[in-house]
Amino acid sequence: MNEKLHTLIEKLLEWQTDPDWWPGSSVFEIASSAILTQNTNWNNVEKAMHNLLDSGIDSWEKLLYDEDLEKHIRPAGFYQNKSRALRALAGLFLSTPEPTRTQLLNLRGVGPETADSILLYALNKPEMVIDAYTRRILEKCNIITKKCSYDELKTMILGELPAHYDVNTLKRLHAAFVEIGKRYCKKTTKCNCCPLEAIKERGTS
DNA sequence: TTCCGGTGCC
DNA sequence: GGCACTGGAA
């Protein structure tokens, strides 16, 4: 039990963020954008998604056989890696509509964060997403160090959640991390206007 | 550790 | 012109 982390999570859950904040109206759109957003500004992801949808690519089958996939997703960057990952994901979803975490992780270009994003937001499975925002906020609050692995951090956070947490709680918690990360906890800015500042200043427990 | 990468902000 | 952006692979 980490008192400081527990308090921070309680605080974040008080935000009452929208559990359905992740843009996209289908499993295809949500899961595809999870690939596209890897280390990339969301603004660029939207451009890539619009290119796909404007070209009539709105299903795994169409994406799999689209010869211009690289061109369409170009604005999202890393387009060679991401187009390969998208095709791999399309193949998996076409054969298995509800893939497991292990199946997702076996795809080249799908790591733990992308897998958890797809499971939580596209398939409504109870997984916690650990992203750059989550990590940065917890580092600046002196709750973790850089050495903390993805799985360690995920386990740590799940251990502080209310006993009967559900999928929407996980979505709202991650949404709150993203919100704080985007608005206050920038990489190069200070913490003095952050709503979590009080927690940061509190000593480690 | 380094590479993949276009976009927007400073 | 420099750098950050909801990562992942080798």
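The basis for the numbers below is simple: all heavy atoms, side chains too, and nothing from hydrogens, waters or symmetry mates.
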- Selected nucleotide, minimal atom distance to A:N39 side chain, candidates B:dG5, B:dT7, B:dG6: B:dG5
- Item | Separation of the C1' atoms in C:dC5 and B:dC4, to the nearest angstrom | 14 Å
- Query: OP1, OP2 of B:dG6 versus side-chain N and O of A:K82: anything below 4.0 Å?
  - Reply: no
- Task: Look at the side-chain N and O atoms of A:R136 and state whether any lies under 4.0 Å from the OP1 or OP2 oxygen of C:dC5.
- Result: yes
- Message: Say we look at C:dA4 and B:dT2: how far apart would their P atoms be, to the nearest angstrom?
- Response: 15 Å
- Between A:Y121 and A:H174, does the ring centre distance come in under 6.0 Å? yes
- Message: Counting the atoms with a prime plus P, OP1 and OP2 as sugar-phosphate, which does A:Y79 contact under 4.0 Å by heavy atoms, base, sugar-phosphate, or nothing?
- Response: sugar-phosphate
- Note on the structure: Separation of C:dG7 atom C1' from A:L36 atom CG, nearest Å, is 12 Å
- Note on the structure: Applying side-chain contact (heavy atoms from CB on, under 4.5 Å) to A:E152 and not counting sequence neighbours gives A:C148, A:S149
- In terms of side-chain heavy atoms of A:P75, which of C:dG8, B:dT7, C:dC5 is nearest? B:dT7
- Heavy atoms under 4.0 Å, any strand shown: does A:N81 hit a base, just sugar-phosphate, or nothing? base
- Item | N/O (side chain, A:T134) to phosphate O (OP1/OP2, C:dT6) under 4.0 Å | no
- Identify whether any heavy atom of A:V129 sits under 4.0 Å from a base atom; if not, whether one sits that close to sugar-phosphate; answer base, sugar-phosphate or nothing. nothing
- Integer-rounded Å distance: C:dC5 C1' and A:Y133 OH: 7 Å
- Which of these nucleotides, C:dT6, C:dC5, C:dG8, is closest to any side-chain atom of A:P112? C:dG8
- Message: Whether A:Q38 contacts C:dT6 is assessed here as follows: a side-chain N or O lying under 4.0 Å from the phosphate OP1 or OP2. Is that the case?
- Response: no
- To the nearest Å, give me how far apart CG (A:L120) and P (C:dT6) are. 18 Å
- Message: Tell me whether A:T96 contacts the main-chain N or O of A:P99 through its side chain, where contact means a donor paired with an acceptor under 3.5 Å.
- Response: no
- Task: Figure out the CG/C1' separation between A:N51 and B:dT7, and round it to whole Å.
- Result: 13 Å
- Task: Quick one: label A:L107 by what it contacts on the DNA or RNA (base, sugar-phosphate, nothing), any heavy atom closer than 4.0 Å.
- Result: sugar-phosphate
- Message: Mind checking if A:G111 touches a base, just sugar-phosphate, or nothing, with heavy atoms under 4.0 Å?
- Response: sugar-phosphate
- Message: Categorize A:A48 for me: base, sugar-phosphate, or nothing, with a 4.0 angstrom heavy-atom threshold over every strand shown.
- Response: nothing
- Interatomic distance where CG belongs to A:N44 and P belongs to C:dG7 [whole Å]: 12 Å
- Message: A:L63 and side-chain contact (heavy atoms from CB on, under 4.5 Å): which single residue from A:L89, A:I57, A:D58, A:I73 fits?
- Response: A:I57
- Evaluate whether atom CD of A:E70 has more than 12 neighbouring non-hydrogen atoms of other residues, nucleotides or ligands under 6.0 angstrom away. yes
- Message: Given C:dT6, B:dG5, C:dG8, identify the nucleotide with an atom nearest to the side chain of A:K182.
- Response: C:dT6
- Go through the side-chain N and O atoms of A:S55 and A:K62 and say whether any donor and acceptor fall under 3.5 Å apart. no
- For B:dC3 and C:dC3, measure between their P atoms and round to the nearest Å. 15 Å
- Reckon A:R84 touches a base, only the sugar-phosphate, or nothing at all at heavy-atom distances under 4.0 Å? nothing
- Message: Using atom P in both nucleotides, what's the gap between B:dC10 and C:dT6 to the nearest angstrom?
- Response: 15 Å
- Task: Could you check how far CD of A:Q80 sits from C1' of C:dA9, rounded to whole Å?
- Result: 14 Å
- Message: I want to confirm an ordering. Mapping A:N43 and A:G109 to their closest nucleotides on DNA chain C, which one lands closer to the 5' end?
- Response: A:N43
- Message: From OH of A:Y184 over to C1' of C:dA4, roughly how many Å is that when rounded to an integer?
- Response: 20 Å
- Could you check which of B:dG5, B:dT7, C:dG7 has an atom nearest any side-chain atom of A:T40? B:dG5
- Item | Proximal nucleotide (of B:dC4, B:dG6, B:dT7) relative to the A:K47 side chain | B:dT7
- d(CE, A:M49; C1', B:dT7) in whole Å: 18 Å
- Mind running salt bridge (Lys or Arg N to Asp or Glu O under 4.0 Å) on A:K171 and A:D18 for me, showing each step along the way? CA-CA 8 Å; A:K171 289 184 178 179; A:D18 178 13; over 6 Å; no
